[in-house]
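Reviewing the structure listed below.
Predicted model only: the values in this text are computed from it and were never measured.
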Amino acid sequence: MVSEASSRIAVPDWLASQYPFQPLSHRTAKGAWMSYVDEGPRTDHAVVFLHGNPTWSFYFRRAIAALSSRVRCIAPDHVGMGLSDKPPDYDYSLAGRIADVAGLIDRLRLTRVDLVLHDWGGAIGMGWAVDHEPLVGRIALLNTAAFPSLRIPWRIAVCRWPVLGECLVRGANGFAVPALSMAMSQHELPREVRRAYLHPYDSWANRVGIYRFVRDIPMELDHPTRPTIERIARELPRLARKPMWIGWGGKDFCFNRHFLERWRELFPKAETRLFPKAGHYVLEDAGEAVLSPLQSFLLTP
């Protein structure tokens with residue numbers, strides 16, 4: 001939480017060694033404070049990193065550190081996540097999150113946006129991109145989706161159940177904690193990294209965004225977000241001419257190779273790199289093997 005007069009968000013000393021940024025705050029149109037990292041040259045061209053659930057901008061810390069000497073890097077925490085506000089009543093829908101990102105990009109007056117999208121950041125980022133195609137430069141996809149699917153792991157499906165799901169996710173932190181191991185395949189996250197991922201989600205109240213993210217997965221045909229994701233999917237071909245890079249962890253328990261093949265069908269010209277032993281948190285699990293080609297793609301003139 002920040003005050004109306006504040007422009008920076010405090011980062012605890014123990015976290016600053018891993019997350020060496022000074023996040024700024026953006027007031028969304030719906031009145032919540034959105035934390036965002038803004039590093040690098042002050043240009044109107046930026047790489048915008050969009051995370052999913054239950055991560056936050058911390059997930060992109062190494063990519064931001066590697067790229068920000070050459071290109072502006074912006075990484076918001078969606079409302080309800082990371083260092084952003086976590087209001088109990090907010091528009092946590094996919095459409096609402098797209099509008100929040102659009103408001104931030106508008107405020108920063110960006111004229112070219114390269115996107116790096118992970119998990120639900122894919123639907124959010126592509127939702128913004130199909131409506132702002134002239135501003136879109138390059139797109140990098142990391143174990144994500146932006147189209148309807150009937151595939152959902154039972155462990156996530158349980159978290160969507162009324163009452164029980166909320167008790168699991170908000171009461172027992174039964175989404176963010178298991179993700180620390182389930183989203184990794186070939187490595188274990190160090191203790192301090194695990195602590196950082198859980199830092200924003202230390203109470204029932206502060207886990208509202210995680211739960212609302214899960215509830216917003218549009219599995220049912222009459223789900224309120226279903227029309228939004230279906231519209232995005234219909235509009236994706238508009239982005240076919242954009243340079244696109246796909247980095248995929250082959251051991252993802254959620255966004256498995258079915259999703260990768262769907263992306264390949266949609267964008268056959270995309271450069272694809274499969275990291276067969278890496279899990280859902282591909283930037284963590286594959287490390288430099290994924291970060292190096294991602295850098296090269298984003299820095300190509």
Side-chain angles (χ1 to χ4, degrees), residues 49-56 59-60 63 94 115-127 139-161 165 168-169 174-189 197 210 213-221 223 225-226 228-230 232-234 236-237 239 244-287 289-291 293-294 297:
F49 299 84
L50 297 177
H51 69 84
N53 188 28
T55 56
W56 53 290
Y59 179 73
F60 298 113
L94 174 58
L115 295 166
V116 179
L117 311 175
H118 178 248
D119 191 87
W120 266 100
I124 297 166
M126 290 304 222
I139 302 173
L141 304 171
L142 305 169
N143 289 74
T144 186
F147 38 78
S149 175
L150 296 177
R151 296 171 181 261
I152 184 172
W154 69 267
R155 288 166 288 192
I156 295 179
V158 169
C159 293
R160 298 179 72 246
W161 292 357
L168 286 172
V169 174
F175 196 84
V177 171
L180 296 175
S181 55
M182 292 170 59
M184 301 289 287
S185 176
Q186 58 184 350
H187 300 293
E188 291 187 4
L189 291 171
Y197 273 118
I210 297 177
F213 242 134
V214 175
R215 290 287 296 165
D216 198 47
I217 300 172
M219 299 302 300
E220 301 83 7
L221 292 179
H223 191 288
T225 283
R226 189 77 179 198
T228 304
I229 196 69
E230 289 178 345
I232 294 169
R234 288 194 304 269
L236 285 176
L239 304 172
M244 194 169 300
W245 186 87
I246 303 173
W248 208 266
K251 295 291 186 181
D252 192 334
F253 76 99
C254 181
F255 292 94
N256 56 29
R257 296 197 190 188
H258 162 79
F259 292 89
L260 172 59
E261 292 309 314
R262 181 64 182 133
W263 283 119
R264 284 173 162 168
E265 291 172 4
L266 287 165
F267 301 109
K269 294 182 180 180
E271 179 186 353
T272 303
R273 293 287 297 271
L274 177 67
F275 304 92
K277 296 181 179 180
H280 178 60
Y281 287 178
V282 62
L283 278 178
E284 298 283 4
D285 216 9
V290 64
L291 184 57
L294 174 61
F297 169 73

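- In this structure, CE in Met182 is found 4.0 Å from CZ in Phe253, a value given to the nearest 0.5 Å.
- Counting all heavy atoms, side chain and backbone alike, Ala176 lies closest to Pro54 at CA-CG, 3.7 Å.
- For Asp285 (side chain) and Gln186 (main-chain N/O), a donor-acceptor pair under 3.5 Å exists by modelled atom type.
- Here the side chain of Arg226 pairs no donor or acceptor atom with the backbone of Leu221 at under 3.5 angstrom.
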Residues Leu260, Phe255; criterion side chain to side chain contact (heavy atoms under 4.5 Å, CB included); working and verdict = CA-CA 8 Å; Leu260 172 59; Phe255 292 94; over 6 Å; no
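- Looking at heavy atoms from C-beta onward, Ser149 lies in side-chain contact with His258 at the 4.5 angstrom threshold.
- The minimum heavy-atom distance between Arg264 and Glu261, with the atom names listed, is NH1-OE2, 2.7 Å.
- A heavy-atom distance below 4.5 Å is not found between the side chains of Phe175 and Leu168.
- In this structure, Phe259 and Asp252 have side chains that are not in contact, with every pair of non-hydrogen atoms separated by 4.5 Å or more.
- Looking at heavy atoms from C-beta onward, Glu271 lies out of side-chain contact with Met244 at the 4.5 angstrom threshold.
- Taking all atoms of both residues into account, the shortest heavy-atom contact from Gly122 to Ala146 is O-CB, 3.8 Å.
- In this structure, Tyr197 and Tyr59 have tilted ring planes: the angle between them lies in the 30° to 60° band.
- A distance-only check finds a donor-acceptor pair linking the side chain of His223 to the backbone of Arg215 [under 3.5 Å].
- Of all the heavy atoms in Pro276 and Lys251, the pair that sits closest is O-CG, 3.2 Å.
- The two residues Asp216 and Thr225 come nearest to each other via the heavy atoms OD1-OG1, 2.6 Å.
- Atoms CG and CD, on Leu180 and Glu284 in that order, are 10.0 Å from each other to the nearest 0.5 Å.
- The distance from the CE atom of Met219 to the CD1 atom of Ile156 is 10.0 Å, given to the nearest 0.5 Å.
- Scanning all heavy atoms of the two residues, the minimum distance from Gly247 to Phe275 falls at CA-CE1, 4.0 Å.
- Atom CD of Glu230 sits in a crowded spot, with more than 12 heavy atoms from other residues, nucleotides or ligands closer than 6.0 Å.
- A donor-acceptor pair is defined here as one N or O able to donate and one able to accept, closer than 3.5 Å; such a pair exists between the side chain of Asp119 and the backbone of Asn53.
- The CG atom of Leu239 sits 9.0 Å away from the CG atom of Leu115 when rounded to the nearest 0.5 Å.
- The backbone N or O of Thr144 lies less than 3.5 Å from a partner atom in the side chain of Trp263, making a donor-acceptor pair.
- Counting heavy atoms from C-beta on, the side chains of Phe267 and Ile246 never come closer than 4.5 Å.
- Contact check for Trp120 versus Ile217: side-chain heavy atoms found under the 4.5 Å cut-off.
- Between Met126 and Leu117 the shortest side-chain heavy-atom distance falls below 4.5 Å.
- Proximity of Ile152 to Arg160: side-chain heavy atoms (C-beta onward) are separated by under 4.5 Å at one or more points.
- The backbone N or O of Pro178 sits less than 3.5 Å from a side-chain atom of Ser181, completing a donor-acceptor pair.
- Not one N or O on the side chain of Ser185 forms a donor-acceptor pair closer than 3.5 Å with the backbone of Ala278.
- Interatomic distance, CG of Leu283 versus CG of Leu294, reported as 6.5 Å (0.5 Å rounding).
- The aromatic ring centroids of His51 and Phe60 lie 6.0 Å or more from each other.
- Between the CZ atom in Phe49 and the NE2 atom in His118 there is a gap of 13.0 Å [rounded to 0.5 Å].
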